[in-house]
Asker: 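Mind looking over this structure? Questions follow.
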Amino acid sequence: MRGDTIGIDRREALALTAGAATLSFGIAGQSAAALPVAALHGGRDQAFDDDWRFFHGSGSFEALGFDDSPWRRVDLPHDWSIEDLPGGQAPDQLGPFDKHSIGGTATGFSTGGEGWYRKHFRIGHAPDDARVELLFDGIYLDSDIWLNGRPVGSSVSGYHPFAVDLTPALHRDGDNVLAVRVRNLGQNSRWYSGSGLYRQVKLDVLPAATRLARWGVAAWTRSLDGGAATVEVTTSVEAADPALTLVTRLRDSRGAIAAEARSPVAGMVKQVLVVRGPRLWSPDNPSLYSLETELMRGTGTIDRMVQDFGIRIVIMEPRLGMAINGTPTKLRGGCIHHDNGLLGACAYRDADERKLLLLKARGYNAIRSSHNIPSRSLREACDRVGMLLIAEAFDAWHSPKLPQDFSTRFADHWHEVIEALVLSARNSPSVIMWSIGNEIPYRATDEGVRWEWQLANAVRRLDPTRPVTAALNGVLGAPMIAADGTARPGMAGKTDNASTIFLDVPGYNYRLEDIESEQSSHPERVVYASETFPHDVHDYWTLGERAPYFLGEFVWTAMDYLGEAGIGATARVKGNVPYYVAGWPWVVSWCGDIDLIGQQKAPSLARDVVWGISPLEVTVQHPVPDGQHEFIANWGWSDETQSWSWAGSEGKPLAVRIYSSAERVELRLNGVKLGGHEFTAADKMKAEFKIAYAPGILEAVAYRGASIVARRRLETVSAPARMRLTVETAHAGGAHASSDRQALHYVAVEIVDGAGRAVPDAMQHITLSVSGPAELVGFGSANPQAVGSFQSPQAQSFRGRALAILRSQGKPGTVRIGVSSDGLISAATILRIT
Amino acid sequence: MDAPVYLPSDHFVAPVRTPRILTTGDTSIADLLAIPAARAIVEKDLPGAGMLLGSPMLKPHLGNFSFRSLVQFGAFKGDALDKVDLELRALGPMA
C-alpha cells in the first residue's frame, strides 16, 4: 500500500527533523525549499527506516532525556541475531552462532536476548490535529514502544504488521524520541527467527477526522465476462462525513485510468468498477493496476491510498483442479522460511525479489510462507514477479511445540494476527489461500476443532474471496459431522475429518500415500501437498497429471534457510551406524533446492528435469570412503554435484546420476562410450552408472528416437588459479544499481582454474574490499556449517563460491570491489550506482 | 466467469464424532491412548511405548502421528502393530 503525496493545503504541510537535520514535507505541485537532507511529503507510507540508534542489552531506556549518543547507528531492516557475537571465541562461537544457544539446532545456534532502538525526530508546521501513526511490518519478538517516555503500543507475535498511534504523546513543536524494546527470549521458534526491527517501518500522517481506515480497502475481481472485468471494492472510512466524496479508480501500468467510481462517503462504501479489455494477472503475466482511493472535499484530497491490484479469478474445484482466469494451473510450489540467508531475517525488497526470481527461473510458480505472515516486501515482490503465495498465520494454536512459542499467547492474540494477515494482504493478486496453521498439535481434539472453526471463519469474515487452508501432517482425525449453520456450505450433515472439516482446501504434509486412497471416500475435496520430501518430486508430478483434484506440491524447501540445522544433512557414516543427527556446527537446514547464496543443488537439477525446465542433467556422488555409507536425511539428497574433478579417486567407481526426460541416454568418458540406458516409467527419469574415474570429459547424450535432444559435459578442472567477480543484474537492485538506501547489489565470487573454469570443491579464505557509496552487509558462502562472520570482509568459499551483498549508501557513484586469496590471482569489478 | 466465494458460517456447534474402527494407521496415538480399552491394548502389546511417547520432542505430535507413521523411524515394528490392529478391530467401532 502506498500513500502518495496528499494535495492538502499549505497549512497542513508537515515537516520532520531527524536529529539536527531538517526534513521538510514537500507538497504536490509546490517546490520544496532548499533542504539540508531530503524532502519528505505528508501522507501515508513514508519510509521511517533510517537513522535509528541501537543497543544490544537490557535496561530501561525509554526516557525522553536518555543520552543514546553512544549507541550504534543502524538503518532498518536490522537483525541483531545475524551480527557477530560480541567477544565471540572460537570454536564454540563462530560469527553470529553460539554452540550453547538456547535455540540450538532449531534456530541454527543463533542467539536472541534484548535490544533497544531509539529514533529522534521533529515535526514542524503540522496541523495541530494531524494524526501520526507508525506501521511496523513485524518485530521479533516481544516489543514495547514508547514515544517521549509514554507507552504507545506493543506486540507479541513477531511477524504481524501493526500500527501504533503516536498522536497522544507527540511533541508537535519539539524533539520526539521513539524507543522500542525488543525481546527474543527462551525457546520460541523452530527455525531462525532473527531479532529486532527486521522489517520495514512506515510513517503515516493522517487527517484528524475523516480518513480511510487502515487496510480499509478490499478489492476483488467478481467476474470476467464479455471482455470486461467487474471489480468490487469495499472501502471503510473512519468518522465518515457524507459531505465528502470517495473516489476509487484503477490505473493501468501506463497511468491511464481504466475505471473509476465516485460515491458519497459512508462508514462502508461498496463500489463496482468495470474494466474493459483488462490485462489479467497470472504467474506468467503479472499485470498490475494501481488501485487509488481518495477522500475528496470538493476538488481537494483529504486522504489518499494507492496500492497494487491484479485482476484475476482463481477457481479450485475437484473436477478441474485449479484454474487461473480459466487456464488450468498446477502448483509448482516451494515452502520457504523468512530469512534471507547471509542477511539473516532482514526483509529487503531486493533480497525478496531475488529469491523469487531464482525460484521462477527453476519453474516455481508458488511459495508458501511457512509458518508465519510474510513480509510486505516479499508479498509485494510476489505480486510483481508473478509468484502465487499461500500466506500462513500460525505454527501452533492452543498447544505448544516449544515452551515459549506463540501458543503461550495464542488465546489472547490470535485475532490480531489473523486480522493483520488478511486485511494487509487481501488485495494482493498473488495470495491464493490463507493458511491458518502448520502441523498444529492436537488440532483434532474438541478444542482443536473449535479453534479450526473459529480461525477459518474469522478469515472468511475478513475475506470471503479466498479459500482457507492448513498444512496437515499425520492422520486427519476422527470422522465427524457438522450441523447446518456450522458446516461449510454444502457440507452440513456430511462426514468429514476433524482436521479438515472447516477447511476449504486441505494441505497435506508428507501424505503422498494417502491422497488417492482418501479421495474415493471424499470426492468433494480439493487438496494439495503443503510439504513434500525433495526425493518425491516425480511421484507428486505424476500424481498431479492423473488427479485433477490434486493441485500440486510445495517442496520442503525451495531454498536453504538458517535454522532447523541439518534436517537435510547428508553424511558419511560407518557401516554399523544407522543414523546421523546433525548438531553444532550445522547452522543451515541444507534441505533446499537452492543453496543459501542462490546456487542450484542436486535436487533442483532433478526437479528441472521433472518440471520440464531441462531435458538432461548429470551429477556425480561425492566418493564414499571404504567402510562407510552415505546417510541421507528425509529432507536430504545424496551428496551429488556437477563435477568430474575427483583427484585421488582415479580408477575407483563413482556413481554418476543421470536425470532426463528423454527416451534414452548414453554416457561417454573421453569420447569412449561407457554405456546407455533406455528409460522406463519405473525409472522416474533417473538412471545411475558406476564409472571408474579418469580425468577428462564425461559426457551424457540424451536421445528421443534417433535424435539427440540434449548433451551435458562435466570436465576435470585444474587447481584454483584465480578469482572471478560477477555483479548480478537479475534482480531489481542489480538491474538498476539504485542509490536507494534499501537497494542491494549482489556480487558473486568464484574460484576458477587457469582456464577460467569454476573449481567445484574449492574452499579458500578470501578477503573482500569495497570502496565507494555502498557498504558490505553480507559476505559468506552456502556452507551449511558455521565458519564465521557473515558481515566481515573475510569469508571462506564453499564449493568454489561465495557471495557478497552490498547496500547502497544513498548516493550515486562508482563502487570498486576487489577480492583476493592467498596464492590466487585477485579480481576486481565496479558497480555504477545511479 | 464468476469468482468463487467462501462464506463464513453463523455459529459453532461442536461436530458429532462418528464411530470408527480404531487402527494404528489412521488413528492418532493420542486418540488411542485416550480410550481406556485401546490404551490397554497398546500398553500390553507395545511395552516400550510409554517411555518413547513421553519424549518432549514427540509429545506435541501425538495428536497427529499414528503408531504406524513412526515405523519409518524405527520406533515400532510393523508386525507388532498388525497385532494391535487385530485387537483394536475386536473392540468394534468407537466414537
Side-chain angles (χ1 to χ4, degrees), chain A residues 220-225 313-317 325-326 396 399-402 439-446 448-450 453-454 456-461 464-468 472-483 485-489 495-496 498-499 501-502 504 514 578-579 634, chain B residues 1-35 38 53 55-78 81 84-85 88 91-95:
Chain A
W220 63 295
T221 308
R222 197 173 68 191
S223 66
L224 297 172
D225 275 313
I313 288 181
V314 181
I315 294 174
M316 302 177 195
E317 59 104 335
N325 307 322
S399 184
K401 290 179 179 172
L402 293 172
E439 299 185 353
I440 298 298
Y442 297 95
R443 62 179 186 246
T445 61
D446 289 346
V449 170
R450 188 184 180 97
W453 181 90
Q454 188 131 332
N457 283 284
V459 169
R460 293 185 189 111
R461 278 190 286 276
T465 74
R466 294 173 175 87
V468 174
L472 310 172
N473 62 333
V475 296
L476 298 183
M480 49 176 54
I481 296 172
T486 296
R488 288 179 289 127
T495 302
D496 209 323
S499 297
I501 191 165
F502 299 123
D504 301 303
D514 302 314
Y579 285 103
N634 273 337
Chain B
M1 180 194 314
D2 291 330
V5 291
Y6 304 86
L7 298 175
S9 55
D10 301 332
H11 58 274
F12 181 77
V13 175
V16 177
R17 290 173 185 266
T18 61
R20 56 167 169 170
I21 296 289
L22 304 176
T23 75
T24 58
D26 65 3
T27 308
S28 76
I29 295 168
D31 278 0
L32 283 183
L33 298 182
I35 299 170
L53 302 180
S55 143
M57 282 183 65
L58 204 50
K59 214 168 177 182
H61 305 290
L62 298 184
N64 298 336
F65 283 175
S66 66
F67 278 106
R68 208 164 282 275
S69 67
L70 300 180
V71 169
Q72 63 178 314
F73 303 109
F76 301 101
K77 290 198 160 38
L81 299 182
V84 174
D85 280 338
L88 290 173
L91 295 177
M94 307 193 82

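Just so we're on the same page: letters track the sequence lines, and every chain starts at 1.
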Asker: Distance from Gln454(A) atom CD to Phe12(B) atom CZ, nearest 0.5 Å?
Answerer: 9.0 Å
Asker: Heavy-atom distances under 4.5 Å only: say whether Arg222(A) touches chain B with side chain, backbone, both or neither.
Answerer: backbone
Asker: Rounded to the nearest 0.5 Å, how far apart are CZ of Arg17(B) and OG1 of Thr495(A)?
Answerer: 13.5 Å
Asker: Is there a donor-acceptor pair under 3.5 Å between the side chain of Asn64(B) and the backbone N or O of Leu472(A)?
Answerer: no
Asker: For a quick test of reading the model, state the closest non-hydrogen atom pair linking Thr18(B) to Ile481(A) and the distance between them.
Answerer: CG2-CD1, 3.6 Å
Asker: Chain B heavy atoms under 4.5 Å from Asn634(A): which part of the residue, side chain, backbone, both or neither?
Answerer: side chain
Asker: For Thr445(A), which atoms come within 4.5 Å of any heavy atom of chain B: side chain, backbone, both, or neither?
Answerer: backbone
Asker: Do you know which of Ala482(A), Ala396(A), Ala478(A) has the most heavy-atom pairs under 4.5 Å to chain B?
Answerer: Ala478(A)
Asker: With a 4.5 angstrom heavy-atom cut-off, could you sort out which part of Ile501(A) is near chain B: side chain, backbone, both or neither?
Answerer: side chain
Asker: Do you know which of Pro479(A), Gly477(A), Ser499(A), Ser223(A) has the most heavy-atom pairs with chain B at a distance under 4.5 angstrom?
Answerer: Pro479(A)
Asker: Against chain A, label Leu62(B) side chain, backbone, both or neither, depending on which of its atoms sit under 4.5 Å from a heavy atom there.
Answerer: both
Asker: Which atom pair, heavy atoms only, marks the closest approach of Gly63(B) to Tyr442(A)?
Answerer: N-CE2, 3.7 Å
Asker: Where do Met480(A) and Val16(B) land on the side-chain contact (heavy atoms from CB on, under 4.5 Å) test, with the steps shown first?
Answerer: CA-CA 5 Å; Met480(A) 49 176 54; Val16(B) 177; 6.0 Å; no
Asker: Find the distance between CG (Asp2(B)) and CD1 (Ile313(A)) and round it off to the nearest 0.5 Å.
Answerer: 6.5 Å
Asker: What part of Ala458(A) is in contact with chain B, defined as an atom under 4.5 angstrom from a non-hydrogen atom: side chain, backbone, both or neither?
Answerer: neither
Asker: Can you name the nearest heavy-atom pair linking Arg461(A) to Ser9(B), along with the distance?
Answerer: NH1-O, 4.1 Å
Asker: Without swapping roles, check the side chain of Ser69(B) against the backbone of Gly474(A) for a donor-acceptor pair under 3.5 Å.
Answerer: no
Asker: Of the non-hydrogen atoms in Pro441(A) and Pro60(B), which two are nearest, and what is the gap between them?
Answerer: CB-O, 3.1 Å
Asker: Which value, rounded to the nearest 0.5 Å, describes the distance between Leu476(A) atom CG and Thr27(B) atom OG1?
Answerer: 11.5 Å
Asker: For Thr221(A), which atoms come within 4.5 Å of any heavy atom of chain B: side chain, backbone, both, or neither?
Answerer: backbone
Asker: Kindly compute the distance separating CE (Met1(B)) from CG (Asp225(A)), expressed to the nearest 0.5 Å.
Answerer: 8.0 Å
Asker: Testing the basics here: between Phe502(A) and Pro15(B), what is the closest heavy-atom pair and its distance to 0.1 Å?
Answerer: CZ-CG, 3.8 Å
Asker: Where on Pro400(A) is there a heavy atom nearer than 4.5 Å to chain B: the side chain, the backbone, both, or neither?
Answerer: backbone
Asker: Quick check for you: among Ala498(A), Ala487(A), Pro467(A), which has the greatest number of heavy-atom pairs under 4.5 Å with chain B?
Answerer: Pro467(A)
Asker: For a quick test of reading the model, state the closest non-hydrogen atom pair linking Trp220(A) to Ala3(B) and the distance between them.
Answerer: CZ3-CB, 3.8 Å
Asker: Could you tell me which portion of Ser28(B) (side chain, backbone, both or neither) has an atom closer than 4.5 angstrom to a non-hydrogen atom of chain A?
Answerer: both
Asker: Between Val314(A) and chain B, with a heavy-atom cut-off of 4.5 Å, which part of the residue counts as in contact: side chain, backbone, both or neither?
Answerer: backbone
Asker: With a 4.5 angstrom heavy-atom cut-off, which part of Ala483(A) approaches chain B: side chain, backbone, both or neither?
Answerer: neither
Asker: Among Ile315(A), Thr465(A), Asp504(A), find the residue that satisfies the side-chain contact (heavy atoms from CB on, under 4.5 Å) test when tested with Pro4(B).
Answerer: Ile315(A)
Asker: Where on Arg488(A) is there a heavy atom nearer than 4.5 Å to chain B: the side chain, the backbone, both, or neither?
Answerer: neither
Asker: So what's closer than 4.5 Å to chain B heavy atoms on Ile440(A): side chain, backbone, both or neither?
Answerer: backbone
